[in-house]
Every structure is written in structure tokens, then in C-alpha cells.
Amino acid sequence: MAGYVSRTYSSALSPTVQILATYLKTDATVVKGRRCVVVGADAAYASVKNAGAKSVAIFADCRKALTGYALADAVIVVGDLQATDAHAAVSVIRAFARTKNAPVVIALSASMRRRLQSCLDTFETVSDGDVLVLRATTDE
């Protein structure tokens, strides 16, 4: 199958990457056919690509993401984001989720999910659980 990436052993993945992988196995509509930018964990590449993403750009941290890839349709923030990076994460999400209905998938700790959600009050909450899914409500 074209574009298929071999799955990474889940025991080697961080808990948030495992949660993201499980979420994408049950609902891949947020990434299917989209150009995705993934911030925070390169181990998430296989899960996002296997979910049907058109392309995937990986950035280890938020600041590097802001200097690269401008053609994203979906933003995925995953891993162990530190509180000091919350502002940069909000900037990345706003930079990439520019068009109405652009999905934002956040697989972080519960406290960091809540923090980002409160900073992104102009985004609509689509799903709120172990993985937070937001959607841009207007064109930026």
C-alpha cells in the first residue's frame, strides 16, 4: 500500500503518543487527506501517516515549527510539552490553523490540554477527552 509506514512498537512510545495512536485508529477523519504538522514527538509520524495524512512534517519543538512548513491543513501537538512552551504552542496552532474548520489535535497532559484550550477560546471544541480536538471557527 502506497504511503504506508511500518508501525513503531508501542512500548517504545511515550504515553501521549500511544494515546494519539489509539485515537487515530478509531477516528482518522481529522488527518485523513490533510497536510499535517506534528509538533513535539517524532514518534507520532507513523501513526499520523498511517491514519491517511497526505503529508507529515515533524518538529521537535514549537519554536522550530514556526520557522518551517507553511502548508499545513491540520496541527497535531503531542508529547511532553513544558509549561514554558505553552505560548509558543498557541502561536504554532494559530499560525497553521488559519482556515475555517482546520483541525487541531492536542495529545498532551490533562493540565496542558486545559491550558491550551483556555488560550484558544476562539476555536470550537470538537472532542474533549484524552485527546483534545479543536476546530478553527474563522479564517485567520
Side-chain angles (χ1 to χ4, degrees):
M1 176 174 7
Y4 183 81
V5 178
S6 63
R7 296 191 186 276
T8 307
Y9 291 107
S10 61
S11 62
L13 302 178
S14 73
T16 54
V17 174
Q18 289 179 25
I19 289 168
L20 175 67
T22 301
Y23 175 79
L24 291 175
K25 284 180 186 174
T26 59
D27 184 8
T29 59
V30 292
V31 299
K32 190 170 184 103
R34 294 182 184 272
R35 294 175 306 239
C36 299
V37 62
V38 177
V39 180
D42 60 352
Y45 177 86
S47 300
V48 175
K49 190 65 178 170
N50 289 339
K54 187 177 191 177
S55 65
V56 182
I58 302 284
F59 294 94
D61 63 54
C62 298
R63 286 163 188 82
K64 289 180 183 171
L66 285 172
T67 64
Y69 208 69
L71 299 174
D73 299 317
V75 183
I76 300 160
V77 184
V78 62
D80 302 319
L81 190 69
Q82 301 299 315
T84 55
D85 293 326
H87 179 71
V90 169
S91 297
V92 167
I93 291 167
R94 290 194 185 283
F96 289 118
R98 294 181 190 156
T99 59
K100 188 172 183 177
N101 295 323
V104 177
V105 180
I106 301 173
L108 299 169
S109 68
S111 62
M112 189 56 70
R113 284 193 314 267
R114 284 191 300 275
R115 184 172 184 169
L116 291 182
Q117 187 175 19
S118 69
C119 293
L120 296 164
D121 57 357
T122 59
F123 286 71
E124 174 188 7
T125 301
V126 176
S127 173
D128 191 1
D130 289 338
V131 174
L132 175 64
V133 180
L134 304 174
R135 180 175 34 221
T137 55
T138 60
D139 289 333
E140 292 276 329

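Computed from a prediction, not measured in an experiment: that's the story for all the values here.
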Which heavy atom of Ala53 sits nearest a heavy atom of Cys36, and at what distance? CB-SG, 3.8 Å
Nearest-0.5 Å distance, CD1 of residue Ile106 to CG of residue Leu81: 9.5 Å
Heavy-atom closest contact (Val17 atom, Ala41 atom, distance): CG2-CB, 3.7 Å
Here the pair of heavy atoms bringing Arg34 nearest to Ala74 is CD-CB, 3.9 Å
Can you spot which of Val104, Val30, Val105, Val133 makes a side chain to side chain contact (heavy atoms under 4.5 Å, CB included) with Ile76? Val105
Is the backbone of Leu108 close enough, under 3.5 Å, to the side chain of Arg113 for a donor and an acceptor to pair up by distance? yes
Interatomic spacing from CG in Leu20 to CG in Asp130 - rounded to 0.5 Å: 11.5 Å
Rounded at 0.5 Å granularity, tell me how far OG in Ser109 sits from CD1 in Ile19. 10.0 Å
Under 4.5 Å between any side-chain heavy atoms of Val77 and Met112, yes or no? no
Could you measure the distance from the OG atom of Ser47 to the NZ atom of Lys25? Nearest 0.5 Å is fine. 7.0 Å
Ile58: side-chain contact (heavy atoms from CB on, under 4.5 Å) partners, not counting sequence neighbours: Val38, Asp42, Tyr45, Val56
Side chain Lys49, main chain Lys54, donor-acceptor under 3.5 Å: yes
Straight-line distance of Ser55 OG to Asp73 CG, nearest 0.5 Å: 7.5 Å
In this structure, NZ of Lys32 is separated from CG of Asp27 (nearest 0.5 Å) by 11.0 Å
Side chains of Ile93 and Phe123 in contact at under 4.5 Å (non-hydrogen atoms): yes
Is a side-chain N or O of Thr137 found less than 3.5 angstrom from the main chain of Thr122, in a donor-acceptor match? yes
Mind checking side-chain hydrogen bond (donor to acceptor under 3.5 Å, both in side chains) for Arg114 and listing every partner two or more places apart, or none if nothing turns up? none
Testing the basics here: between Leu116 and Ala86, what is the closest heavy-atom pair and its distance to 0.1 Å? CD2-O, 3.7 Å
